[in-house]
*Asks:* 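Encoded as structure tokens, here's the structure I'll be asking about.
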2 protein chains.
Amino acid sequence: MPQPSAPRKTRGRPPRFSREEVVATARRIVDEDGVDRLTMRRLATEVGSTPMALYHHVRNKEELLLLLLDDHAARTLRRPELPAHPRERIIVAAAAIHEALAACPWIVEVLTADDLMSASALWFVEQIVDGLVECGLTPERAVHGYRAVWYYTAGEIVVRATAARRRADADDADADAYADRATYRERVFADLDPDELPRLARIADDWAPLTAEDTYLDGLRALVDGLLVSR
Amino acid sequence: MPQPSAPRKTRGRPPRFSREEVVATARRIVDEDGVDRLTMRRLATEVGSTPMALYHHVRNKEELLLLLLDDHAARTLRRPELPAHPRERIIVAAAAIHEALAACPWIVEVLTADDLMSASALWFVEQIVDGLVECGLTPERAVHGYRAVWYYTAGEIVVRATAARRRADADDADADAYADRATYRERVFADLDPDELPRLARIADDWAPLTAEDTYLDGLRALVDGLLVSR
DNA sequence: ATGAATTTTTGTACGCGTACGAAAAATAGC
DNA sequence: GCTATTTTTCGTACGCGTACAAAAATTCAT
């Protein structure tokens, strides 16, 4: 007959909580109060433990965030129906990754991973690499092409998210001594010399709204187009 | 006749040091000991003051790093000779920015600025936008095109720099309890299902060396090519 | 000269991530 | 049973960025 409570076989002191529990609690905190409120101390109390106990389940806070990103990808990445044409397949796969990541901009701090290597994202990577190969690229060039797509995608998300954060911070500090000190960009754009920088001077007023537009897909298509005209 | 020591005209208590002094000292610290050693406390003692005094010259550490990036750009960005052909001009300008930034990877933390809007970088932006316009894009599309180039460039630098940092960290922790725990990527690539992910499985062994290659220019050319086939 | 106003500096304090070492709780061999 | 071994937990401590308020140093109005 089976033992009622499976006899432990591991050696040392039994853990009071699991890595999964940590990640789940962290996710709840982030969902409820935002990533800023996720501190090791609070996480510890919410799992009913002490800060340093966490470090036996997680190397450090960065790894925790990485696990959180993983978790997020596994939950929200849904495989879309892919078009038959490989070029469009690449676009759709990349856009799906982009959409999932852009939805949770707190990820930025981790997003700078050298690759989105969450297991659940691999299928998308496969689609992109495969699409590139089917379009005639060698497997090596296809990997490089995928990297280019990833650089572009990660860059877009990071840059936009950071810009948004900075804007929020600046709004917070509305009434203090720095309020009159213009933003970096505003200052620089204020005194453009139309002789030396004619294009920028002419378009200066429209710069902000233009850069606010979401042109991820346009750039992605351009990049993929460029990758496919084999060189 | 001019007064020997120009009489102060500002109202309050005279500052004991200037913002420029702060930035210069910060640059020295970073040059000598690396960006990790740049702390507000150390910076304060090295300018002969206290930590909180810095905050009257600089909004916070992030702004300090931004100023540092500015400073770096102003010092190292040299305007290259530009080819006559606008397409090549775009490439050369973007590559120059990329080179200057990639040279000091500590910038990563700030690089996520929504734009490299250092005054000294504007000339390069102008060249890129102008090149795109000369190739037939509308000014609006040209700005979007520049943004795409910036996303790609910033993404490349951030991703590569973060990967390098992670690698260094992992090497530091060589002998500790986590040593046997494989890297994220290694773990994921270890059990690739060749049926579901055939391309990745076939190329798994070459993934690391392939992604280590510097293909920034290839991707940049592809992106610019794609931007120029007007759509 | 004197007090008000303004700007910069300084001191104190908080919460953060986490290094380090000791304590606790389990198993394995005798 | 007893002790050694192994794994996890916990307490303490450090340096970090920086919020906040008081103090100091200057000019201006009287």
Side-chain angles (χ1 to χ4, degrees), chain A residues 3 5-22 26 29-30 33-68 109-110 169 172-173 175-181, chain B residues 3 5-22 26 29-30 33-68 109-110 169 172-173 175-181:
Chain A
Q3 293 94 333
S5 66
R8 295 179 32 71
K9 45 185 71 165
T10 63
R11 270 286 286 259
R13 173 172 177 169
R16 296 168 62 90
F17 55 93
S18 70
R19 185 177 170 125
E20 285 69 30
E21 232 173 301
V22 173
I29 293 177
V30 169
D33 294 353
V35 72
D36 292 345
R37 297 298 184 80
L38 177 64
T39 73
M40 299 303 273
R41 285 169 157 90
R42 168 161 177 196
L43 181 55
T45 66
E46 299 223 1
V47 301
S49 183
T50 60
M52 290 313 293
L54 298 174
Y55 286 80
H56 262 263
H57 302 267
V58 147
R59 197 197 293 260
N60 50 31
K61 190 173 182 181
E62 179 172 347
E63 187 182 84
L64 173 66
L65 290 173
L66 216 65
L67 292 171
L68 224 44
E109 309 166 45
V110 214
D169 286 357
D172 276 0
D176 69 349
Y178 286 95
D180 55 337
R181 195 191 276 190
Chain B
Q3 293 94 335
S5 67
R8 295 181 33 70
K9 42 185 73 164
T10 63
R11 270 284 287 256
R13 172 172 178 169
R16 297 166 61 87
F17 53 93
S18 69
R19 184 177 169 127
E20 285 67 32
E21 233 173 301
V22 173
I29 294 178
V30 169
D33 294 355
V35 72
D36 292 344
R37 296 298 182 81
L38 176 64
T39 73
M40 299 303 273
R41 285 168 156 91
R42 169 161 175 196
L43 181 55
T45 67
E46 300 223 0
V47 300
S49 182
T50 60
M52 291 311 292
L54 299 173
Y55 286 81
H56 264 262
H57 303 267
V58 148
R59 198 197 291 261
N60 50 34
K61 190 173 182 181
E62 179 172 348
E63 188 182 84
L64 173 67
L65 290 173
L66 216 64
L67 291 171
L68 224 44
E109 308 166 45
V110 213
D169 286 357
D172 275 0
D176 70 349
Y178 286 95
D180 55 337
R181 196 190 276 190

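Within every chain, numbering begins at 1; the chains are lettered A, B, ... in the order of the sequence lines, protein sequences first and strands thereafter.
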*Asks:* Between C:dT9 and B:His57, is there an OP1 or OP2 to side-chain N/O distance shorter than 4.0 Å?
*Replies:*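 Answer is yes, contact under 4.0 Å.
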
*Asks:* The criterion is side chain to side chain donor-acceptor pair (under 3.5 Å); which residues satisfy it with B:Glu21, sequence neighbours excluded?
*Replies:*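 B:Glu21: no side chain to side chain donor-acceptor pair (under 3.5 Å) contacts found.
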
*Asks:* How many angstroms lie between CG in A:Asp36 and CD1 in A:Ile29, if you round to the nearest 0.5 Å?
*Replies:*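 These two atoms lie 12.5 Å from each other.
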
*Asks:* Which one, D:dT26, D:dT5, C:dT9, comes nearest to the side chain of A:Arg11?
*Replies:*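 Of the options given, the side chain of A:Arg11 lies nearest D:dT5.
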
*Asks:* For A:Arg16 and C:dA25, give me the distance from atom CZ to atom P, rounded to whole Å.
*Replies:*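 Those two atoms, CZ and P, are 9 Å apart.
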
*Asks:* Atom CZ of A:Arg19 and atom P of D:dT8: how far apart are they, to the nearest Å?
*Replies:*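 Rounding to the nearest Å, CZ of A:Arg19 and P of D:dT8 are 12 Å apart.
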
*Asks:* May I ask you to evaluate whether B:Ser49 reaches the phosphate of C:dT10, defined as a side-chain N or O under 4.0 Å from OP1 or OP2?
*Replies:*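 True: B:Ser49 side-chain N/O within range (under 4.0 Å) of C:dT10 OP1/OP2.
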
*Asks:* Reading nucleotides 16-24 of chain C 5' to 3', which nucleotides get B (base under 4.0 Å from a protein heavy atom), which S (sugar-phosphate only), which -?
*Replies:* BBBBB---B

*Asks:* Given side chains that start at C-beta, do those of A:Leu64 and A:Leu38 come closer than 4.5 Å, heavy atoms only?
*Replies:*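 With C-beta onward as the side chain, the pair touches.
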
*Asks:* Can you tell me the distance, in whole Å, between the CG atom of B:Asp36 and the C1' atom of D:dG15?
*Replies:*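 Those two atoms, CG and C1', are 14 Å apart.
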
*Asks:* I'd like to check B:His57 versus B:Leu54 (side-chain heavy atoms, cut-off strictly below 4.5 Å). Are they in contact?
*Replies:*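 With C-beta onward as the side chain, the pair stays apart.
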
*Asks:* What distance separates A:Glu63 CD from A:Leu68 CG, expressed to the nearest 0.5 Å?
*Replies:*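 CG of A:Leu68 is found 12.0 Å from CD of A:Glu63.
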
*Asks:* What distance do A:Lys61 atom NZ and A:Leu66 atom CG have between them, rounded to the nearest 0.5 Å?
*Replies:*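 Answer for the NZ-CG pair, A:Lys61 versus A:Leu66, is 14.0 Å.
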
*Asks:* Nearest-Å distance, CG (B:Leu43) to P (D:dG15)?
*Replies:*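 Those two atoms, CG and P, are 18 Å apart.
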
